[in-house]
K.L.:
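One structure is given below, represented as structure tokens, and several questions about it will come after.
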Amino acid sequence: MAELLSNQVLWTALLASALVQVLKLFIYYFVERRWEWERLMETGGMPSSHSATVVALAVGIGMTEGWGSTYFAIAVVLATIVMYDATGIRRAAGMHAARLNDLFEELRTVIQRGPEQEPLKELLGHTYLEVTVGAILGGVFAWLSFNLF
């Protein structure tokens, strides 16, 4: 248990995720001028906490195990897959959800009846900018974590 609690790479990645998720809440407030506490637990939005997490993990591994290590290579491949998925598949799924929500509302309006339905979750993926900003924040956080603490 002591090894787990002293694993700086693990805690750096988890803290990067948490800090970026909190930052997302403040960015939303700055843009929309209202608090939306659900942002703390949601996927999607600016910046990408998934990107921050996997990049912080990769940088932490690079700094501890070496930039030429197999562990760093594994972390980079994992980070690339996660970020590609966030801008591709998950983003497309969110766009499909938005269209389906619009179609369902239009159908309800046309037939003037039908059951109320919880809308599908639309904020699933990220834009390239959201992923890039999350990746930069994760890398900077990991670098600071290993150089200042």
K.L.:
Once you round to the nearest 0.5 Å, how far does OG of S48 lie from NZ of K24?
P.N.:
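It comes to 6.5 Å.
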K.L.:
Decide whether V140 and V9 are clustered together by the hydrophobic rule: side chain heavy atoms of Ile, Leu, Val, Met, Phe, Trp, Tyr closer than 4.5 Å, transitively.
P.N.:
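Shared cluster, yes.
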K.L.:
Donor-acceptor pair, N147 side chain versus W143 backbone, under 3.5 Å?
P.N.:
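Side chain of N147 to backbone of W143: a pair is present.
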K.L.:
What distance do E3 atom CD and L10 atom CG have between them, rounded to the nearest 0.5 Å?
P.N.:
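So the CD of E3 and the CG of L10 are separated by 12.5 Å.
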K.L.:
Indicate, with yes or no, if F30 and L25 share a hydrophobic cluster defined by side-chain heavy-atom contacts under 4.5 Å among Ile, Leu, Val, Met, Phe, Trp and Tyr.
P.N.:
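Not linked; separate clusters.
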K.L.:
Would you call Q8 and T64 a side-chain contact if the rule is heavy atoms closer than 4.5 Å?
P.N.:
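Answer no - side chains too far apart.
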K.L.:
Given 3.5 Å as the limit, does a donor-acceptor pair link the side chain of E130 with the main chain of T127, or not?
P.N.:
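Here the side-chain-to-backbone pair exists.
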K.L.:
Can you give each donor-acceptor pair under 3.5 Å made by side-chain atoms of residues 69-78, sequence neighbours left out, with the distance rounded to 0.1 Å?
P.N.:
from	atom 1	to	atom 2	distance (Å)
S69	OG	G66	O	2.9
S69	OG	F72	N	3.0

K.L.:
Search all heavy atoms of V131 against all heavy atoms of T87 and return the closest pair with its distance.
P.N.:
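For V131 and T87, the tightest heavy-atom pair comes out as CG2-CG2, 3.4 Å.
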K.L.:
Within the 4.5 Å heavy-atom criterion, are W67 and V59 side-chain neighbours or not?
P.N.:
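SC-SC contact between W67 and V59 confirmed.
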K.L.:
Identify, with sequence neighbours excluded, every residue that meets side-chain contact (heavy atoms from CB on, under 4.5 Å) alongside A16.
P.N.:
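Listed in chain order: A56, F141.
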K.L.:
Is Y84 isolated, or which residues cluster with it under the ILVMFWY side-chain rule of less than 4.5 Å, directly or via members?
P.N.:
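When side chains under 4.5 Å apart are linked, Y84 ends up in no cluster with other residues.
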K.L.:
After noting the C-alpha distance and the side-chain angles of M83 and V55, does the key distance pass the side-chain contact (heavy atoms from CB on, under 4.5 Å) rule?
P.N.:
CA-CA 9 Å; M83 292 186 290; V55 169; 4.1 Å; yes
K.L.:
Quick one: salt bridge (charged side-chain N to carboxylate O under 4.0 Å, His left out) partners of R34, sequence neighbours excluded?
P.N.:
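For R34, the residues satisfying salt bridge (charged side-chain N to carboxylate O under 4.0 Å, His left out) (neighbours in sequence not counted) are E36.
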K.L.:
Return the set of residues passing ring-ring contact (aromatic ring centres under 6.0 Å, His included) with F146 (not counting sequence neighbours), or none when no residue passes.
P.N.:
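Partners of F146 under the ring-ring contact (aromatic ring centres under 6.0 Å, His included) test: none.
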K.L.:
Given the rule that I, L, V, M, F, W and Y join up when any side-chain heavy atoms are under 4.5 Å apart, are W11 and L148 in one cluster?
P.N.:
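Hydrophobic grouping puts W11 apart from L148.
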K.L.:
Once rounded to the nearest 0.5 Å, what's the spacing between atom CD1 of I27 and atom CE of M46?
P.N.:
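I27 atom CD1 to M46 atom CE measures 6.5 Å (nearest 0.5 Å).
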K.L.:
Can you confirm if the aromatic rings of W37 and Y28 lie within a centre distance of less than 6.0 Å?
P.N.:
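No, they do not, as the ring centres are separated by 6.0 Å or more.
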K.L.:
Working to the nearest 0.5 Å, report the span between CE of M63 and OG1 of T12.
P.N.:
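If we round to the nearest 0.5 Å, M63:CE and T12:OG1 are 9.5 Å apart.
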K.L.:
Taking side-chain contact (heavy atoms from CB on, under 4.5 Å) as the test, write out the residues that go with L137, two or more places apart.
P.N.:
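Partners of L137 under the side-chain contact (heavy atoms from CB on, under 4.5 Å) test: V20, L23, P47, V133.
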K.L.:
Is the closest side-chain donor-acceptor distance between S49 and Q21 under 3.5 Å?
P.N.:
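Yes - a donor-acceptor pair under 3.5 Å links their side chains.
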